Amino acid sequence: DAGITQSPRHKVTETGTPVTLRCHQTENHRYMYWYRQDPGHGLRLIHYSYGVKDTDKGEVSDGYSVSRSKTEDFLLTLESATSSQTSVYFCATLGLTAYGYTFGSGTRLTVV
Amino acid sequence: GDSVTQMEGPVTLSEEAFLTINCTYTATGYPSLFWYVQYPGEGLQLLLKATKADDKGSNKGFEATYRKETTSFHLEKGSVQVSDSAVYFCALRGGGADGLTFGKGTHLIIQP
C-alpha cells in the first residue's frame, strides 16, 4: 500500500470560512489526486498533481485550489466554504509503474 | 469525454446467489478498466483490473472481462457472501495520468 494519510478525518466548518485538507504519502509517488464523493455522482476529480508545483484542474475544480510544495504532501483548499462542498474527500496516488491507484481513508467535510 | 455507466442499485441478493453488476464505458483510445470496492466508512480498494481487450481480471472470486466490442466490463461472482456487502465502482483510465473516471457506484447488499 502507498501509505496515504488524510487529515483531518472529519471536519465541520461554517459557510464562508477557509478550509485546508491534507494528504500525506510515504511512497514517493509522483502523481496525486483529490476526488470528492457524493451520493448519485460516484467520485469526481477535483485537481491532480504530476509533480512538485505541477498541478492541473479536474472535472469539478471551481471553488478549490491545491498546492504541492513537497512530493509527499498535496493540500486541498476551499477558499470560502459553501454548503455544496459538503462531501467526502479522497486523496489518491499513482506510482510510476502501477496501473491502479491507492486511496486514502477519506475526509468527511460538513459545511453548515 | 470519457464516461462510465453502471447500475446504481441497491442490489439485494441472498447469500450464495450469483452476482452480475453491469458496467459499460465510453472512451477514446484503449483505456484500462478497474473495479474498486468500498466497505462502509473506508476508502476505495482495488478489486481487479484489465488493461487490454479480452483480458480477464480476477480477485477474491470476482471476475470481469474487458470486452472492447461491447465496451463492457461486467463484474461477476459465482456465490456471494454477506461480507461482500459494499459499494462497487467501475472505473477507467485513459492514456494519460490525469485520473480515473468513475461510474456512480453500485450498492450491493447480501442477506443471510
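This one's a predicted model, so the numbers in the text were calculated from it and none came from an experiment.
One distance of note links OG1 of Thr102(A) with CG of Leu94(A); it measures 8.5 Å at 0.5 Å rounding.
Only the side chain of Gln37(A) comes within less than 4.5 Å of a heavy atom in chain B; its backbone stays farther off. Of the atoms belonging to Gln6(B), not a single heavy atom falls under 4.5 Å from chain A. Leu45(A) touches chain B through its side chain: at least one heavy atom from C-beta onward sits under 4.5 Å away, while N, CA, C and O do not. Interface remark: Glu8(B) contributes side-chain atoms only to the contact with chain A (heavy atom separation under 4.5 Å). With a 4.5 Å cut-off on non-hydrogen atoms, Phe90(A) touches chain B through its side chain but not through its backbone.
Aromatic rings of Phe74(A) and Tyr48(A) (six-membered ring for Trp) have centroids beyond the 6.0 Å cut-off, not under it. Less than 6.0 angstrom separates the ring centroid of Phe103(A) from the ring centroid of Tyr36(B). Under the 6.0 Å cut-off for aromatic ring centres, Phe89(B) and Phe34(B) do not qualify, their centroids lying 6.0 Å or more apart.
Using a distance-only test at 3.5 Å, with no hydrogens or angles considered, a donor-acceptor pair links the side chain of His74(B) to the main chain of Cys23(B).
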